[in-house]
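In the text below, chain A, chain B and the rest are named by the order of the sequence lines, each starting its count at 1. Quick note: numbers below take in every heavy atom, side chains included, and nothing from hydrogens, waters or symmetry partners.
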Number of protein chains: 2
Amino acid sequence: MPTIENKIILPKSELPTTWYNVLPDLPDPLGPYMTPAGQPVSPADLEAIFPKALIEQEVSSLKVIKIPEPVLEALSIWRPTPLVRARRLEKALGVSSRIYYKDESVSPSGSHKSNTAMAQAYFNKEAGITRLTTETGAGQWGTALAIAARQFGIQARVYMVKVSLRQKPYRKIIMNLMGAEVLPSPSTETDAGRKALSANPDALGTLGLAISEAVEEAASRPDTNYVLGSVLNHVILHQTVIGQEVKKQLASIGEKPNYLIACHGGGSNFGGLVGPFVKDILSGQKISAIAVEPESCPTLTAGEFKYDAGDTAGFTPLMPMFSLGTDFQPPAIHAGGLRYHGAAPIVSALLKSQVIQAAAVSSEDCFKYAQTMAWSEYVIPAPESAHALAKTCLLAQELEKQGTPGCLVFTLSGHGLLDMTAYELQQNNHGNGKS
Amino acid sequence: MPTIENKIILPKSELPTTWYNVLPDLPDPLGPYMTPAGQPVSPADLEAIFPKALIEQEVSSLKVIKIPEPVLEALSIWRPTPLVRARRLEKALGVSSRIYYKDESVSPSGSHKSNTAMAQAYFNKEAGITRLTTETGAGQWGTALAIAARQFGIQARVYMVKVSLRQKPYRKIIMNLMGAEVLPSPSTETDAGRKALSANPDALGTLGLAISEAVEEAASRPDTNYVLGSVLNHVILHQTVIGQEVKKQLASIGEKPNYLIACHGGGSNFGGLVGPFVKDILSGQKISAIAVEPESCPTLTAGEFKYDAGDTAGFTPLMPMFSLGTDFQPPAIHAGGLRYHGAAPIVSALLKSQVIQAAAVSSEDCFKYAQTMAWSEYVIPAPESAHALAKTCLLAQELEKQGTPGCLVFTLSGHGLLDMTAYELQQNNHGNGKS
């Protein structure tokens, strides 16, 4: 009779009641956001599109920030999330390392994005905002925002990168089901969209352009604010529930992590896992934190650290970050949402200070290990999460060769059930599917 | 700080170690299966397509049957499954009844079908079988079988009703990912399929015909057996882990069910929930067990109790059951997998003896309450499960009017994430979606 509990589940009473602010822990303080003219951006400049509470969080020097009761209540719908020992994956790989994954796929949207969506919808509601605009690439963020907007009784409009909308019809259906409006970007609703369409009527869109459209609309309407699913400091702040729970869960079974691994698109999932461990790393604990990106969009491993805009049209402030340039257009292969030209300023600063590391993996390895996970754990990772998984598997096998197995923790940032076309394309490319 | 645990989760050690056989509890014994010529079918007749162990289970008079260790190990990957108090759904409905759902959607395939798929794959493997054929309608059963075949190292070929294959492309992708072969039915691989195609080259298929194809192939190959995802006694037997767990879970919080509600396609989900309670009902406990079917395929509420075949071509034995006739072709609307002309002999016998009840619900109500559940619990039910949900909601509201709230338990037999096109069609039909 199998009685091994592979899932470490915390009781509701262990849900973190504060967010962990990593800003005070950074070895070098973040440079300020800048206007294109070279002036520091003031908090007031951001009030056209963000509520004050979030702007305060963006620059806060407090070590922890209390999670408001209604947000806690929303988070408690699915949190704390399980930490799972992937014993069958370990066996399939033939490794003696202990592999754990933090299962963020159990959220209402199927990904970690719900953690910040609920918080952002709440603070906007509190500020009297009745409408939110946002962009979505692969659709995880748009889904999370649609659900959070419903939770707090706000309208949501989602600009979805056109190529993703075509590849992932189920995403639009679920956002519509939750009551959100979904437009393909480039759209005819904004100047930025119309400009892109007049340059190329068949333009398939980019995340940078979809951001421009959503920001443009929010800036032009007093009832409407803009919300972003990654990159910004307050987004990473909201995601630190992940790392805080992982700490408690590992401690509850007497484990200490040697490796913390998360995929990196804009940086919120990685920052949320690693943020609460930064102090430990700086105080000498031997933890390698690895941000994993696609080879096809190598922001951290091949980008340049500089001040750059967050969107194509240049509506956002310039931020100090690793960037491939706002014109970067990733090849039309499937890397899920990991197709953004920039990186979170917090993650960029941690990488620049060598507190963390970055790695790129190939789409072949992502598909290979996603299949290994599907065949062993019967879990189908989101294409994004497959990057963290692939790096974890490659590393565990390398450690095995070196005779230095350890404790590896990665974030299953989401499930892939709404993104199965990515697997179909891979099956076709690699001939692993059957007719 | 919210500390209410809405999920009742049993530890692994509480996983049932035996299946509950409802056959000895039936007030009237089941009539034997018959050949078309009117002779009782002998167990030996079934050996062309089933292993002896499953044939024995089909006619067993034992009260309980031990679950073999490898099956227990496979079940323990996701079982025991949560019983969830749907407090936000109760609030959305404005009812004071306690509504619980047994969450079978957490299985590797996303539905209860994995419970019997694992068992059937195991017993076939033990019998030296290397290949399995089956049919699938909406795709839940095919997905479960593909995963179970992989777990036990067997090849799987799935005949999928052509209209469903077109509507649900993600189902094929996931079955392929797991290593199974998927063919549209009618296919050119079998006499039954070729006959259907020559009569109508554009035939969209039925579950009855897909069964004929899978049975025909299995009967013609010694290395190949056939597996069925519902209807038969041994399938219901394997599903009784559901009802056994529900009993323990309700007892653990001092609850007694007034209503047990499950959707009914072939009867396995309903039989699995209700089977372990039949003795309680017969001994006078006030439990209403309600099998819920679509108005568009009203097998139990409008069918005739008679001996009828399980498939279109008449390859299966005649079984004593409620049936709409093997030629019944449900309208091409979405009721998920609930489109079968027949009903499990066990469920039919229970209904005939008035131990249980049956009810039909409209597709409009299914969509309406599925949306209510999505908006309150943030859970998207499978179209099948939406039938149980709709009946539960209608009943809870009726009880509220009567001033007789109670404890209602329904099975969330699966999630709808791989079936989102059903929601798209409903959005288009009912105008509830936004562009």
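Here the shortest heavy-atom pairing between B:Leu177 and A:Trp375 reads O-NE1, 2.7 Å.
Among A:Trp78, A:Tyr378, A:Tyr170, the residue making the largest number of heavy-atom pairs under 4.5 Å with chain B is A:Tyr170. Counting heavy-atom pairs closer than 4.5 Å to chain B, the top-ranked of the candidates A:Ile77, A:Leu75, A:Ile147 is A:Ile77.
Annotation: the span from A:Lys12 atom NZ to B:Asn6 atom CG amounts to 7.0 Å, rounded to 0.5 Å. Taken to the nearest 0.5 Å, the CZ atom of A:Arg88 stands 9.0 Å off from the CD atom of B:Glu73.
Looking at heavy atoms from C-beta onward, B:Ile174 lies in side-chain contact with A:Leu417 at the 4.5 angstrom threshold.
Heavy-atom distances place the side chain of B:Ile380, and not its backbone, under 4.5 Å from chain A.
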